[in-house]
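Fair warning: this is a prediction, and the values are worked out from it, not measured in the lab.
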Amino acid sequence: MVNSILPLRLSNVKVTKRGKTLVGPIDLEIGAEGITVILGPNGSGKTTLLRLMNGLERPREGTISWNCPTADAHKKQAFVFQTPVMLRRTVLENIAYPLQLQKMPEAAATRQALQILERVNLTGSDKLNAGYLSGGEKQKLALARALVTKPDILFLDEPTANLDGSSIREIETIIKDAVASNIRVVMTTHDIGQGRRLADDVLFLYQGTLHEAGSAKSFFEKTATKEAASFLAGDIVE
């Protein structure tokens with residue numbers, strides 16, 4: 001990837017709140033290609049780690065650095081929340097909004113937004129109020145709005161939580177298409193099957209610490225820790 005903001009490096013990063021360590025210390029590097037899936041039991045710190053990488057969460061200790069100035073890095077990344085945030089506008093206006101913030105002319109922003117609408121299979125919904133979309137459609141819209149700016153890296157927090165099988169399949173297709181167009185993806189999920197389908201590499205968190213980090217193949221075939229093995233077996237991991 002030419003002139004990418006990646007790799008992203010976390011060095012001895014820790015998050016503490018009210019005297020309790022939520023995540024860390026963590027040392028980690030996110031390269032320029034593929035899909036990283038963050039797995040772990042509830043409360044293990046998955047979302048906190050994702051927010052740390054994106055800059056929505058500040059570390060108590062340690063450093064987070066990009067392959068460019070941090071201010072420039074923020075312009076080349078996007079974050080999609082588990083519960084999509086919709087602007088009180090039409091579907092098309094929701095997607096065009098980030099481009100308008102970048103001072104793109106209205107005609108060009110509309111044209112680019114319509115292209116993304118087609119990619120996420122929302123063609124024909126452009127004039128609808130975004131609030132009237134179904135859960136799966138709102139998630140596709142949130143992804144479209146994130147992708148329209150062509151970020152180097154896309155952070156996804158449980159992108160298919162509470163969706164039906166058909167919607168999950170569509171969202172996963174959009175994610176894979178994004179990676180095929182050279183967008184790096186880092187995502188959390190509670191769905192082990194989704195991790196198997198999508199991950200190139202896996203980060204396994206347990207009680208806020210990074211217990212395993214490596215290729216998806218090695219993680220799913222033979223885990224290195226008993227906590228990860230129990231998690232994959234469907235056991236309760238506390």
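Put simply, the side chain of Leu203 does not reach to within 4.5 Å of the side chain of Val37, judged on heavy atoms. By the 4.5 Å heavy-atom criterion applied to side chains, Pro159 and Met187 are counted as neighbours. Residues Asn129 and Met86 form no side-chain contact, since every pair of their non-hydrogen atoms from C-beta on lies 4.5 Å or further apart. Contact annotation: the side chain of Asn121 approaches that of Lys140 to within less than 4.5 Å [non-hydrogen atoms, C-beta and beyond]. Annotation: side chain of Arg9 is not in contact with side chain of Trp66 (no heavy-atom distance under 4.5 Å). The closest side-chain heavy-atom distance from Thr36 to Val202 is not below 4.5 Å.
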Using side chain to side chain donor-acceptor pair (under 3.5 Å), reason through Thr188 and Asp157 one step at a time and then give a plain yes or no. CA-CA 5 Å; Thr188 65; Asp157 189 16; 2.7 Å; yes
Check step by step if side chain to side chain donor-acceptor pair (under 3.5 Å) holds for Gln139 and Ser167. CA-CA 9 Å; Gln139 192 62 283; Ser167 296; over 6 Å; no
Given Met53 and Phe155, is the side chain to side chain contact (heavy atoms under 4.5 Å, CB included) satisfied, shown in steps? CA-CA 9 Å; Met53 293 181 191; Phe155 297 100; 3.5 Å; yes
Evaluate Ile153 against Lys76 for side chain to side chain contact (heavy atoms under 4.5 Å, CB included), listing each step before the verdict. CA-CA 7 Å; Ile153 185 167; Lys76 294 293 292 180; over 6 Å; no
Decide yes or no on side chain to side chain contact (heavy atoms under 4.5 Å, CB included) for Leu154 and Leu147, but give the supporting numbers first. CA-CA 8 Å; Leu154 174 62; Leu147 293 171; 3.9 Å; yes
Using side chain to side chain contact (heavy atoms under 4.5 Å, CB included), reason through Val13 and Thr63 one step at a time and then give a plain yes or no. CA-CA 6 Å; Val13 168; Thr63 59; 5.8 Å; no
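For the atom pair OG (Ser11) and CG (Leu28), the distance works out to 10.5 Å, reported to the nearest 0.5 Å. We find the CD1-CZ distance between Ile35 and Arg197 to be 11.5 Å, quoted to the nearest 0.5 Å. A distance of 5.5 Å separates SG of Cys68 from CD1 of Ile5, quoted to the nearest 0.5 Å. The line from NZ of Lys150 to CG of Leu99 is 9.0 Å long, rounded to the nearest 0.5 Å. Atom-to-atom distance recorded for Ile116:CD1 and Leu143:CG is 10.5 Å, nearest 0.5 angstrom. Atom-to-atom distance recorded for Gln102:CD and Met104:CE is 6.5 Å, nearest 0.5 angstrom.
Looking at Glu33 and Arg184, no side-chain N of the basic residue comes within less than 4.0 Å of a carboxylate O on the acidic one, giving no salt bridge. Ionic pairing of Glu93 and Lys127 is not present here: no N-O contact between side-chain nitrogen and carboxylate oxygen is shorter than 4.0 angstrom.
Checking side-chain atoms of Ser4 against main-chain N and O of Leu6 turns up a donor-acceptor pair under 3.5 Å. Distance alone, capped at 3.5 Å, is enough to place a donor-acceptor pair between the Asp27 side chain and the Asn12 backbone. Lys46 places no side-chain N or O within donor-acceptor distance of the main-chain N or O of Thr189, the cut-off being under 3.5 Å. With hydrogens and angles ignored, the 3.5 Å screen pairs a side-chain donor or acceptor of Thr110 with a backbone N or O of Glu106. Judged by distance alone, with hydrogens and angles left aside, the side-chain atoms of Ser125 form no donor-acceptor pair with the main-chain N or O of Leu128 at under 3.5 Å. Looking only at distances, no side-chain donor or acceptor of Glu57 sits under 3.5 Å from a matching main-chain atom of Val15. Formation of a donor-acceptor pair under 3.5 Å by the Asp126 side chain with backbone atoms of Val91 is not found in this model. Without hydrogens or angle criteria, Thr223 side chain to Phe220 main chain gives no donor-acceptor distance under 3.5 Å. Asn94 contributes a side-chain N or O that, together with a main-chain N or O of Thr90, makes up a donor-acceptor pair within less than 3.5 Å. Remark: side-chain polar atoms of Ser134 are paired, donor with acceptor, to backbone N or O of Glu137 under 3.5 angstrom.
Across all their heavy atoms, Arg119 and Ser181 have their closest contact at NH2-OG, 4.1 Å. For Gln82 against Ala161, the heavy-atom pair with the smallest separation is NE2-CB, 3.6 Å. Across all non-hydrogen atoms, the minimal contact from Glu212 to Ala228 is OE2-CB, 3.2 Å. A pairwise comparison of heavy atoms in Lys138 and Pro84 identifies O-CB, 3.8 Å as the closest pair. Across all non-hydrogen atoms, the minimal contact from Leu205 to Pro41 is O-CD, 3.5 Å. Taking both residues in full, the closest heavy atoms of Arg145 and Pro98 are given as CG-CG, 3.5 Å, listed atom of the first, atom of the second, then distance.
If you check the side chains of Asn54 and Gln77, you find a donor sitting under 3.5 Å from an acceptor. In summary, the side chains of Glu172 and Thr160 do not present any donor paired with an acceptor at a separation below 3.5 Å, with no hydrogens or angles considered.
Using a 4.5 Å cut-off between side-chain heavy atoms of Ile, Leu, Val, Met, Phe, Trp and Tyr, Tyr97 falls into a hydrophobic cluster with Leu87, Leu101.
Tracing side-chain contacts under 4.5 Å through hydrophobic residues (I, L, V, M, F, W, Y), one reaches Val85 starting from Leu50; they form part of the same cluster. Cluster annotation: Leu56 is connected to Ile64 through the hydrophobic network of ILVMFWY side chains, with a link wherever side-chain heavy atoms come within less than 4.5 Å.
Residue Asp164 places its CG atom among more than 12 non-hydrogen atoms of other residues, nucleotides or ligands, all under 6.0 Å distant. Glu118 CD: 12 or fewer foreign heavy atoms inside a 6.0 Å radius. Heavy-atom neighbours of Arg60 CZ from other residues, nucleotides or ligands within 6.0 Å: at or below the threshold of 12.
Legend: residues meeting side-chain contact (heavy atoms from CB on, under 4.5 Å) with Thr209, ordered by chain and number and at least two apart, are His211. By the ring pair (Phe, Tyr, Trp, His ring centres under 6.0 Å) test, Phe81 pairs with Phe79, sequence neighbours left out.
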